[in-house]
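I have placed the structure first, in the form of structure tokens, so that the comments after it can refer back to it.
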2 protein chains.
Amino acid sequence: MPVTIRDVARAAGVSITTVSRALNGHKDVGEKTRQRILRIAEELNYRPSAVARSLVTQKTRTIGFLVSDLSKGRIWHYFMLQILYGIQDRLAELGYDLILVNTTTTRQREISYLDFCTERRLDGVIVINLRLDDPYLHEVVESPLPSVVIDIPLVSATCGYVTSDNVYGAKLAVRHLIGKGHRTIGFVNGHSQAAVSHDRLRGYREALESHGIPFRPELVYEADYTVEGGRKGCELLRTAHPEMTAVFFASDLMAIGGLHHLREAGVKVPEECAVVGFDDIELAEIVSPQLTTIRQKRYEMGATAAEMLVGMMEGKTMPEGRTLLPELVVRQTS
Amino acid sequence: MPVTIRDVARAAGVSITTVSRALNGHKDVGEKTRQRILRIAEELNYRPSAVARSLVTQKTRTIGFLVSDLSKGRIWHYFMLQILYGIQDRLAELGYDLILVNTTTTRQREISYLDFCTERRLDGVIVINLRLDDPYLHEVVESPLPSVVIDIPLVSATCGYVTSDNVYGAKLAVRHLIGKGHRTIGFVNGHSQAAVSHDRLRGYREALESHGIPFRPELVYEADYTVEGGRKGCELLRTAHPEMTAVFFASDLMAIGGLHHLREAGVKVPEECAVVGFDDIELAEIVSPQLTTIRQKRYEMGATAAEMLVGMMEGKTMPEGRTLLPELVVRQTS
DNA sequence: CTTGCATTCCAAAACGTTTTCAGGTACATT
DNA sequence: AATGTACCTGAAAACGTTTTGGAATGCAAG
């Protein structure tokens, strides 16, 4: 029942070819006919079918946003949301649409993400939060489907990545703390199945060593990027090392967990223990005391990913890795 | 280059009709041929094209999630995210996919959301955060495209809605405060272009009056659902009415803004001024002191919306309004 | 031997576009 | 008058499915 190109053609007394050309702005159609066709299409409220167009052009102008662990209680997505905005904004500018794919639920459908993408004939895919040990990670990276992964440094013939310079970010944090006079600095890291964890650890270590402070593995706790994990990590480190005067957390959420512990323990922040987070999610500014943290340019990461992907899809750019510089945001916890 | 049904048919030595029937589980195909076809399809790694299928079935099995004001600095989406999960989860179960539509950017494309939906031939749409004065609101509601709006009580032949019982929720909050002995209770409301604002105001008023406390309009401040708006509202109400011992906020974000003001002003919470929010976003539990609030079942709202929509689309249910009961969550600010 | 009925398969149409190739007209150049 | 050259238009193929309406086969019943 929706009006088709055929209806427009009939009403205008021309062939569908001419209608198609008039609407798509080809130049080989007379000015008067073009005007007439446009007017009639308008009158009939004609909207070309994207699915018919996709079938013939073999492009859907749709890209998938593959996010794993999208589920009820999780709040790590506070981090992801700005990235999503960046993707969606840039994609809209470029004339592409976004379809949301939850890897957890596609798995329920007993179909790999890749199969899902081919069924829907997606033009490309942006992947976030995939663990390094995800069984399908390499399937995605190696597949002919253009893709961009976020925060996993992998490049292939069809896959690029976007990430922050996590080594540098961690260095910023630690240097800042050292500058404030701290010498015993703990580190609550995220789980090791995220590439960023390794980089942040390295940055932590190198910053210490470059200031002549020996790296002590016992000052590092591996948590899991959750509030509760951060709380626990902070508690364990503090009881084991009461002399510790500052803690660097690999995420804001964990830092907030750490603050919870410190408050309960009656430790003054930042006087008795300074805290620095990572990410600069909106919470960092809302929580009190406001959190000193390393700002990741999340919106830009998303926009960059979108841009890279479209560039690859349209054959204009080669897959590459892009690394954005984070920056230190000093607030009240340091 | 992807393998088509034709390739499978050729390899199996049957017609494409038979392949189609075999794959879709129709019964008029011999058992041996069915097995052979399935095996060959598997071997060739055949994935049926959703777009070709959509063209002929006239269904895309895709629904749109229309969200307005999805942009860089906004954080109201902390509220929306759980709803999104609910939608996406239920939709995945039902075999539908979700496409994200930002009304702000479609407007840039100079095309109404509705036109966008018809171009993509979406099967239905879920709308959130549309202001009552949105120019396209009624276009969406009245259009033949099945739709479900969230938090706007509108029903038409093709449009249902899901919302919380906001009157009841506000009553819960105010009753709770009255039970704690408060008699002068301020109310920081959101803007009036949200239907929920009116209901929450009504609940506030009725709860007061049913306890013999007169409603005083000067104790109500109309903010805008932002942290800063809540801060300002709280400040204004307190300076104008120092005798006020409790404030009810129409959202957690505003309540958190209020807490900021109270902390700066050195007001003890909840001893000198109690605070109750609305929504129960994750922040409410993370912030300190932890926020007493009215919990909206956001995930369920999303799941319900998805379910209703699919029911309507498949002609199994009539459009209706569904109202979920919120509940009081007492924490530290009251 | 016909008729009827399952069972299993297929040819062809349809969905709504884009694009290729060629046809037609009008006009200027030989 | 024939040829060339723009310019505009259209018929038809193609994209990859589903579905309709038979057709062929085999077999039981008349």
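Numbered from 1 within each chain, the chains take letters A, B, ... in sequence-line order.
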Query raised in the report: Is the backbone of B:Thr60 close enough, under 3.5 Å, to the side chain of B:Thr62 for a donor and an acceptor to pair up by distance?
Result: yes
Query raised in the report: When the nearest nucleotide of DNA chain C is assigned to B:Val14 and to B:Val56 on a heavy-atom basis, which residue is associated with the more 5' position?
Result: B:Val14
Query raised in the report: Closest nucleotide of DNA chain D for B:Asn24 versus for A:Lys32: which of these residues is on the 5' side?
Result: A:Lys32
Report task. Round to a whole Å and report the spacing from CZ of B:Arg10 to P of C:dC9. Result -> 19 Å
**Report entry** Spacing of B:Glu31 atom CD relative to C:dT8 atom C1', expressed in whole Å
**Finding:** 13 Å
Query raised in the report: Below 4.0 angstrom, N of the basic side chain to O of the carboxylate: do A:Arg298 and A:Glu282 qualify?
Result: yes
Query raised in the report: Where each residue is assigned the nucleotide of DNA chain D containing its nearest heavy atom, which of A:Ile16 and A:Thr33 is assigned the position nearer the 5′ end?
Result: A:Thr33
Query raised in the report: Which of parallel (below 30°), tilted (30 to 60°) and perpendicular (above 60°) describes A:Tyr225 and A:His191?
Result: perpendicular
Query raised in the report: Between the side chain of A:Arg120 and the main-chain N/O of A:Cys117, is any donor-acceptor distance below 3.5 Å?
Result: no
**Report entry** salt bridge (charged side-chain N to carboxylate O under 4.0 Å, His left out) evaluation trace for B:Arg131 with B:Asp134
**Finding:** CA-CA 5 Å; B:Arg131 293 170 59 101; B:Asp134 186 285; over 6 Å; no
Query raised in the report: Whole Å only: how far is the CZ atom of B:Arg21 from the P atom of C:dC10?
Result: 12 Å
Report task. Identify the 5'-most and 3'-most nucleotides of DNA chain D with at least one atom closer than 4.0 Å to a non-hydrogen atom of chain A. Result -> D:dC8 to D:dT17
Query - Atom-to-atom span, CG of A:Asp28 to P of C:dT20 - whole angstrom - result: 12 Å
Report task. Give a yes/no on whether any side-chain N or O of B:Ser15 is located under 4.0 angstrom from OP1 or OP2 of C:dA11. Result -> no
Query raised in the report: How would you label the contact of A:Thr4 with the nucleic acid (heavy atoms, under 4.0 Å): base, sugar-phosphate, or nothing?
Result: sugar-phosphate
Query raised in the report: Would you say A:Arg61's side chain and A:Leu94's backbone share a donor-acceptor pair under 3.5 angstrom?
Result: yes
Report task. Check every strand shown and say whether A:Ser20 touches a base, only sugar-phosphate, or nothing at a heavy-atom separation below 4.0 Å. Result -> base
Query raised in the report: Heavy atoms under 4.0 Å, any strand shown: does A:Arg47 hit a base, just sugar-phosphate, or nothing?
Result: sugar-phosphate
Query raised in the report: Given that A:Val51 and B:Arg36 both sit by DNA chain C, which one's nearest nucleotide is further toward the 5' end?
Result: B:Arg36
Query raised in the report: Near A:Glu31 CD, under 6.0 Å, is it more than 12 heavy atoms from other residues, nucleotides or ligands?
Result: yes
